Peer 1: 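Below is one structure. I have some questions about it.
In what follows, every chain begins at residue 1, and chains take the letters A, B, ... in the order their sequences are listed. All values reported here derive from a predicted model rather than from experimental measurement.
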Amino acid sequence: MRKRMSPANLFDRIFKVRRLKTKLLLMIIVPTVSVLVLSSGAIFSYESVRAKKSIVQDSFTLAQITASSSTAALAFNDQKSLNEYLASLGVRSDVVAACIYGADQKLEGKYVRQGARQDCPQPHEVMEDGYIFRHGLLLLYQPVRLEGQRIGTVFIASDLRQLHEALKFHAELIGTVLAIAVLIILLASGRLQRSVSNPILSLTRTARAVADNKDYSIRASGTSQDELGILVLAFNTMLEQIETQNANLEHLLQESQKAVQIRDEFMSIASHELKTPLTSLRAQVQMLERLAKTGALKTTPAAQIQRLMSFTDQQVIRLVTLIEDLLDVTRITTGRLHLNYEQVDVCSLVSDIVESHKAEIGKSGSTVETHIEEPVVARCDHLRLEQVIVNLLINALKYGQGKPIKITVRRTNGSLRMVVEDHGIGISPAAQERIFDRFERAVSATHYGGLGLGLYITRQIILAHQGTIRVISVEGSGSTFIVELPL
Amino acid sequence: MKTRPQCVIQFLICLVVLSPCGPARADPGPREASEYQLKAAFLLNFGRFTEWPPAGESTGPINLCVVGRDPFGTDLDQIVSNQSIHGRPIKIVRVSSGAPPSNCQILFVGPVDKQKVGELLSDVRQSPTLTVSDIPGFTNNGGMIQFLVEGQHIQFLINLQAASQAGLKISSKLLKIAKLVQ
């Protein structure tokens, strides 16, 4: 036995159709067409009942008039007049037969339209007063009364063709209207359906493409102003955010990879830089130990021991400087670089530094020329500013190729300007952008020693003083570092 | 089924009134009415299609007077008994030939000589009396309705002017089926 499908099951089955478009179309069409069909049916039923009532009422009126007018003729047994009355009903195209019976149900008057399929009923066929629809005809019986007594019966048979034609016309009209309405609904529903389904389908396609290809640059299309438009916009914004975040993550990853690489390089350089003075120190210490063991220490001239100790001291200072730089970097990155502000005469500071670095200057082969127009006093941290000037001077000596170095200090527009200019190897434009970064250097560590922290620390100190530092350089022609500090 | 007359008299009236046969019919069956039975029924129906002017005693009986020789015998009494005209009972008054008829709503003039007809009509001229007779030339002499037997059918003539002068209104339905209206 096949299980009968209930309407609810059928409904579920229809709505299990996968396609959203089909569902939307059904959602629009099924209720509207149902309402249309039901209302059309109701209108047709109402019209049918109304038309039948109307024709019955009409026929009753006709029968009553006939009964009233034929009273005398019936009372006086005037069959000729009765026939004339009834024949006059022939002007009504729907009347196919009209008959009058006496009190004994004997036929007294008769009119039957030519070719009519209804004749006057035989006396025994005469029915009760009232009406009946039979074989496409309305058969109606109406009593004839005189002085309260029944003296006969009027019978009228009306053709319902007109009624049927009217109802047919109504049905056709309703059918046409229904067809047009359904057509409009189909057209409109297609459009309505698309306005809802297209953004959703676009979203679905985009979501699937994003999920399949991991491509977050795809965007869903849709420009409507409704909730769906907002949804599409929100979805696109979400994709945009994911894309940006991905790009940021990618950037961060690259940055961190680069940082790790730089750190590894730095570790390597730092190890080397720290190892070099330590190796020298060890050699000095071993020499002293050897002299002590052999008892030659007492015989060694004091000048040689002093030179030995001085060399040892230089290595220790070099180590201390390296460690100081590392500590400075730690201070800067952890925000613990504290400045002790005081009034500093920058001009005498520069002169003192040049004076104290005579040995290094002499070793480099360069000459240092200072241009100081007037004494300039700035409010800054004395030791840190000294660190800045030393760094710049050491850099100029290091990369100056023994060519003249010029240091200029002057006051401009309420600020201190200090320019350190060399004519050495210069810095490439690409390197100019990163020389102030941590662990960066413009040149190979193999040829030029150092941790690559000098300019980083210099810049951080200047920034801490709300100052600026920049470099102007042509590769092969030298570099000019310009420091500006507020007074 | 439609209602049949409840009593014998009603059945007889219907039979008499509606029977197509006339007095000249060759072989009248036992159920067929005689000429004067039909005329009695006609007399009753004339009253039913006539309106009298409103008078003080409008709820009293309709006096159906018969003057001259009575041709109906007991038929008239039987036919009008228990019947009404405009809801009023009918009373048959047979007027002796000497006395002038008075207070008659319907007056049937039986066979009398021509001079007597004139007298009778002038007696009732001032009162609303429907005058009926089967005397030839009755309507020409101022009578209102005159029976006429043609073949098997009983017909009638109406003198509408006489009726109007007496203040009577005869229904157009009756006028329509009259043989002649003067």
Peer 1: Closest approach of B:N45 and A:A75, non-hydrogen atoms and distance?
Peer 2: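 That closest heavy-atom pairing would be ND2-O, 3.4 Å.
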Peer 1: Is the count of non-hydrogen atoms from other residues, nucleotides or ligands lying under 6.0 Å from B:Q115 atom CD greater than 12?
Peer 2: no
Peer 1: Take atom CZ in A:F169; do more than 12 heavy atoms of anything else shown fall under 6.0 Å from it?
Peer 2: no
Peer 1: Take a 6.0 Å sphere around CD of B:Q161 and say whether it holds more than 12 heavy atoms from other residues, nucleotides or ligands.
Peer 2: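 12 or below, so no.
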Peer 1: What do you reckon, is OH of A:Y131 surrounded by more than 12 foreign heavy atoms closer than 6.0 Å?
Peer 2: no
Peer 1: Relative to chain B, which segment of A:T71 carries a heavy atom at a distance below 4.5 Å: side chain, backbone, both, or neither?
Peer 2: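 Both backbone and side chain.
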Peer 1: Against chain B, label A:S68 side chain, backbone, both or neither, depending on which of its atoms sit under 4.5 Å from a heavy atom there.
Peer 2: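 Looking at A:S68, backbone and side chain both touch chain B.
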Peer 1: Can you tell me how the ring of A:F76 sits relative to the ring of B:F49, calling it parallel under 30°, perpendicular over 60° and tilted otherwise?
Peer 2: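 Rings of A:F76 and B:F49: tilted, as their planes differ by 30° to 60°.
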Peer 1: Main chain of B:Q83, side chain of A:E147: is a donor-acceptor contact present, judged purely on distance under 3.5 Å?
Peer 2: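 Between the backbone of B:Q83 and the side chain of A:E147 there is no qualifying donor-acceptor contact (under 3.5 Å).
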Peer 1: Within a reach of under 6.0 Å around CZ of A:R117, are more than 12 heavy atoms found that belong to other residues, nucleotides or ligands?
Peer 2: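 Counting neighbours around CZ of A:R117, more than 12 heavy atoms of other residues, nucleotides or ligands fall under 6.0 Å, so yes.
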Peer 1: With rounding to the nearest 0.5 Å, note down the distance linking CD1 in A:I151 to CZ in B:R48.
Peer 2: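 Between atom CD1 of A:I151 and atom CZ of B:R48 there are 8.5 Å.
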Peer 1: For A:A72, does its backbone N or O pair with a side-chain atom of B:K176 as donor and acceptor, under 3.5 Å?
Peer 2: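 Flag not set: sc B:K176 to bb A:A72 has no pair under 3.5 Å.
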Peer 1: Do A:N77 and B:I154 touch side chain to side chain, with heavy atoms closer than 4.5 Å?
Peer 2: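 In short, these two side chains do not touch, never coming nearer than 4.5 Å.
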Peer 1: Only counting residues at least two apart or in another chain, list the ones meeting side chain to side chain donor-acceptor pair (under 3.5 Å) with A:R92.
Peer 2: A:D58, A:D94
